[in-house]
Amino acid sequence: MPSVPIAKICSFLGCKNTKAFGTGYCQDHGADRSKSYSENAKLYNSIAWRKKRVAMRTKFPICSACLLEGKVTQTDHIDHVVPHRRIPDRFLPNLFQGLCLPHHTIKTNLENKGVYRHYTENGIVDYKEEDYASVIREKFNSERSHWSGEK
């Protein structure tokens, strides 16, 4: 299938410089990444996360949401069910699920409305911000479900 070429030129009107990786602009026109990007990079580039991600991709090779729909789709993202919001203590101790790109996008849009969706073997469970402590307590005190992350 044909694809659209990726622009390599700065998006600033009239600029012909090459844009910086991961941005739409060259260094002269604001290619600096945000502070939140740098904070996320520290978490996602850690050895602990890399190991956790490999374990979770092994555990969830198929999108959890697609499984509920009766489809088989490869996992693209290991998703934190309850967003960590760059809080290191909530980054690794969390519920995880494997999601394809479309379902990850749907879930992210729900998170912006305060709904944290978990696709479980028994159906969909929605959490809110205040549920984090009880969800984590239940996860670490229970070995009922392989869907909840590490046992």
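Along the sequence shown, residues carry numbers from 1. Computation of the quantities below employed the complete heavy-atom set of this structure, encompassing side-chain atoms and omitting hydrogens, waters and symmetry-equivalent molecules.
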Asker: Identify the two heavy atoms, one from Val81 and one from Lys107, that lie closest to each other, and give their separation to 0.1 Å.
Answerer: O-NZ, 3.1 Å
Asker: Shortest non-hydrogen contact from Cys100 to Cys63?
Answerer: N-SG, 3.3 Å
Asker: Please find the pair of heavy atoms, one from Thr58 and one from Pro61, that lie closest to each other, and give the distance.
Answerer: O-CD, 3.5 Å
Asker: So do Asn45 and Arg50 actually touch side chain to side chain, heavy atoms under 4.5 Å?
Answerer: yes
Asker: Centre-to-centre under 6.0 Å for Tyr116 and His80, is that the case here?
Answerer: no
Asker: Give me the one residue out of Val125, Leu68, Asp79 that meets side-chain contact (heavy atoms from CB on, under 4.5 Å) with Tyr119.
Answerer: Leu68
Asker: Do any N or O atoms from the side chain of Gln97 and from the backbone of Arg117 form a donor-acceptor pair under 3.5 angstrom?
Answerer: yes
Asker: Go through the steps to decide whether Ile78 and Trp49 satisfy the test side chain to side chain contact (heavy atoms under 4.5 Å, CB included), and finish with yes or no.
Answerer: CA-CA 11 Å; Ile78 297 302; Trp49 172 250; 3.9 Å; yes
Asker: Cluster question for you: counting only ILVMFWY and a side-chain heavy-atom cut-off of under 4.5 Å, with indirect links fine, are Phe60 and Tyr44 together?
Answerer: yes
Asker: Evaluate the side chain to side chain contact (heavy atoms under 4.5 Å, CB included) criterion for residues Phe12 and Asp28: first the C-alpha distance (whole Å), next the side-chain angles of each, then the deciding distance (0.1 Å), finally the verdict.
Answerer: CA-CA 10 Å; Phe12 192 83; Asp28 295 337; over 6 Å; no
Asker: Using the rule side-chain contact (heavy atoms from CB on, under 4.5 Å), only one of Thr75, Thr73, Asp76, Ile106 pairs with Leu101; which is it?
Answerer: Asp76
Asker: With a 3.5 Å distance limit and no angle check, can you tell me whether Lys52 reaches the backbone of Pro93 through a side-chain donor-acceptor pair?
Answerer: no
Asker: For Lys128, is there any backbone N or O sitting under 3.5 Å from a side-chain donor or acceptor partner on Asp131?
Answerer: yes
Asker: Verify side chain to side chain donor-acceptor pair (under 3.5 Å) between His103 and Glu69, making sure each step is shown before the conclusion.
Answerer: CA-CA 11 Å; His103 281 112; Glu69 296 172 358; 3.1 Å; yes
Asker: Can you tell me how far the CG atom of Asn17 sits from the NZ atom of Lys19, to the nearest 0.5 Å?
Answerer: 13.0 Å
